Amino acid sequence: GAVVSQHPSWVICKSGTSVKIECRSLDFQATTMFWYRQFPKQSLMLMATSNEGSKATYEQGVEKDKFLINHASLTLSTLTVTSAHPEDSSFYICSAGAGTRGETQYFGPGTRLLVL
Amino acid sequence: QKEVEQNSGPLSVPEGAIASLNCTYSDRGSQSFFWYRQYSGKSPELIMFIYSNGDKEDGRFTAQLNKASQYVSLLIRDSQPSDSATYLCAVKESNAGNMLTFGGGTRLMVKP
């Protein structure tokens with residue numbers, strides 16, 4: 001149980017294009033989902049907390065107009081990187097809260113984004 | 001600022017030995033503690049969580065929590081080369097909703 005999927009797993013795009021990443025909880029409902037970014041050999045960095053039916057809460061320094069998050073249902077959250085640039089190239093990982101307290105985070109497999 | 005601290009390592013242990021990974025946290029009101037394993041190039045996977053003081057065992061893994069001293073540890077018995085990974089400690093701090101604060105991770109290397 002507590003399986004989270006992400007799609008796509010790999011994206012290569014040209015600078016200036018937008019990329020949408022989907023995060024799905026497959027066997028449970030997640031009121032809260034989280035989006036992280038991780039650069040090579042660095043720690044996980046929380047970008048935003050996504051609550052179903054409401055606006056996402058972004059961490060300091062994360063541009064909400066660049067990283068659009070939508071959590072339209074209890075099993076799906078999407079992250080759209082708008083007008084991507086090479087510096088946006090990173091490993092994007094989502095997680096979904098589950099468990100009796102809803103605070104155990106289960107991670108998706110991640111999406112590797114390369115912007116040329 | 002609330003923090004979760006881990007020694008970055010690498011921690012090198014021989015195959016079959018016990019690996020001991022430590023984590024300290026600053027928020028005394030923290031209630032829930034998690035250990036994740038992250039292989040290179042992969043996303044984190046949950047190993048176990050612990051809420052109460054003392055030990056919690058799951059197979060070769062034992063989590064230890066000491067709230068008075070504000071540390072949580074993970075012991076891996078009979079370490080295997082396949083245990084080589086980065087281990088992340090995560091803490092649910094007080095007044096943080098369901099958000100977890102992650103440590104920087106400890107890189108473990110188990111040598112055959």
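In what follows, chains are A, B, ... by sequence order, proteins preceding strands, each numbered from 1. If you're wondering where the values come from, they're calculated on a predicted model, not measured in any experiment.
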Query raised in the report: Are the aromatic ring centres of B/F34 and B/F102 under 6.0 angstrom apart?
Result: no
Query raised in the report: Taking atom CZ of B/R107 as the centre, does the number of heavy atoms from other residues, nucleotides or ligands within less than 6.0 Å exceed 12?
Result: no
Query raised in the report: Taking every heavy-atom pair that is under 4.5 Å apart, which of A/K41, A/Q38, A/M45 has the most such pairs with chain B?
Result: A/Q38
Query raised in the report: Looking at A/I69 and A/W35, what are the two nearest heavy atoms and their distance?
Result: CD1-CD1, 3.7 Å
Report summary line: Ranking B/G105, B/G104, B/P44, B/S32 by heavy-atom pairs under 4.5 Å to chain A gives rank one to B/P44
Query raised in the report: Checking B/L46 against chain A: side chain, backbone, both or neither under 4.5 Å from a heavy atom?
Result: side chain
Query - Cationic tip of A/R112 above A/F91 ring, under 6.0 Å, 45° of axis - result: yes
Requested in this report: Under 4.5 Å, counting heavy-atom pairs only, tell me which of B/S8, B/S40, B/G41 racks up the most with chain A.
Outcome: B/G41
Report summary line: Whatever's closer than 4.5 Å to a heavy atom in chain A on B/K42 counts as backbone
Requested in this report: Using non-hydrogen atoms and a 4.5 Å limit, figure out which bit of A/Q42 sits close to chain B: side chain, backbone, both or neither.
Outcome: neither
Requested in this report: Kindly check if the number of other-residue, nucleotide or ligand heavy atoms within 6.0 Å of NZ (A/K66) is above 12?
Outcome: yes
